[in-house]
Amino acid sequence: MLTVHTVDDIRNQVGQWKKQGLTVGLVPTMGYLHEGHESLMQAARKQTDKLVVSIFVNPTQFGPNEDLEAYPRDPEHDRAICARNETDLIFMPDARIMYPEGFQTTVSVSGLTEGLCGRSRPVHFAGVCTVVCKLFNIVNPDFAYFGQKDAQQLAVVTRMAKDLNLPVTVVGCPIIREADGLAKSSRNAYLNGEERRAALSLSRSLQMAQTRFNQGERDSATLRALIMEELGKEPMLRPDYVEVVDSLTLVPVERLSAPALVAVAAFVGKTRLIDNVTLS
Ligand code: AMP
């Protein structure tokens, strides 16, 4: 397993593979890897000949008051996780490589980025799209793997690749959870014991919505109220949003007919967590 830090090095390596007719899968991450990231690596491993994992804490997707500085990092642990998932190459650029002096281009997707996390994180998706577009151009993967955990990000990146005719297939992968239901996230590392317990009400409330949907409930206001009520029982938790949206357009729906994404975001202490379920 190689680790490279420069654009030339990764282009040379991937170029050699492509000349041999090999397919390349990319798993873009911000590191501090866990089983959610591993599931993306395993999906790539099954589908492509070569696996590239990028590890880059992308400054442009953090707002001014967000956790860029505090974001957890552990390159040695990440390397071990990549190795045990048979990664061929880790791309670990630093910020000066990705954003050299004079950098002044932004890639942004409208529409899909207006609601959900886009409302409370106004610069986030432009940062994500810019870095992912750059990674696609640098690595030139045939397939790129993203988690449904960040459902809006998956929709936005899929749209960007389509709209810009990027020669890559974006693959969505299911949410990986802890045994008690909490969605795995690098940010779970911020939670103390009490917060960890409080955070469980995100997945619990979504599970309750799933159950009510299975029993026939199709009114989105009723499902949102149910979730809000459950989140409201947890004094340590401050909801950011609870939304029921069309799973493709991300436009809010009143009644559920086509598959709907039920998405929640909430602060537990200072930590902002997201989770979702698709009802269909
Ligand atoms: P991050 O390092 O948090 O930027 O995440 C990198 C990729 O891993 C994104 O596509 C995420 O959606 C995905 N991911 C993070 N957590 C999970 C999870 N619990 N299950 C599945 N995918 C995940």
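Counting starts at 1 for both ligands and their atoms, in listed order. Residue numbers start at 1 and run along the sequence shown.
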Polar-atom distance check: Asp150 versus ligand 1, any N or O pair below 3.5 Å?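 Min N/O separation from ligand 1 is below 3.5 Å for Asp150.
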Compute the minimum heavy-atom distance from Gln153 to ligand 1 and say whether it is under 4.0 Å.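 Under 4.0 Å: yes for Gln153.
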Measure the distances from the heavy atoms of Glu35 to every atom of ligand 1 and state whether one is below 4.0 angstrom.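 So Glu35 does not count as touching ligand 1.
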Salt bridge [X]-[Y], side-chain N to carboxylate O under 4.0 Å:
X: Lys184; Y: Glu35; value: yes
X: Arg197; Y: Glu234; value: yes
X: Arg119; Y: Glu114; value: no
X: Asp67; Y: Arg187; value: yes
X: Arg272; Y: Glu66; value: no
X: Asp219; Y: Arg224; value: no

Under 4.0 Å from ligand 1, counting heavy atoms only, is it the side chain of [X], its backbone, both or neither?
X: Pro174; answer: backbone
X: Leu40; answer: side chain
X: His37; answer: side chain
X: Pro28; answer: backbone

Please list, in number order, the atoms of ligand 1 under 4.0 Å from a heavy atom of [X].
X: Lys184; value: 16 (N), 17 (C), 18 (C), 19 (N)
X: Thr29; value: 2 (O), 6 (C)
X: Phe146; value: 10 (O)

Between Asp142 and Thr23, does any side-chain donor sit less than 3.5 Å from a side-chain acceptor?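 The criterion, which ignores hydrogens and geometry beyond distance, is not satisfied for Thr23 and Asp142.
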Can you tell me if Asn214 and Thr211 form a side-chain donor-acceptor pair at under 3.5 Å?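 No, no side-chain donor-acceptor contact under 3.5 Å.
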So which protein heavy atom does [atom] come closest to, and at what separation?
atom: atom 15 (C) of ligand 1; value: His34 CE1, 3.9 Å
atom: atom 10 (O) of ligand 1; value: Gly147 N, 2.9 Å
atom: atom 4 (O) of ligand 1; value: Met30 CG, 3.6 Å
atom: atom 20 (N) of ligand 1; value: Ile176 N, 2.9 Å
atom: atom 3 (O) of ligand 1; value: Tyr71 OH, 3.8 Å

Please round to the nearest 0.5 Å and tell me the distance separating atom CG of Leu279 and atom CZ of Arg212.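 CZ of Arg212 is found 12.5 Å from CG of Leu279.
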So is Arg73 actually on top of Tyr32's ring, under 6.0 Å and inside 45° of the axis?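 No.
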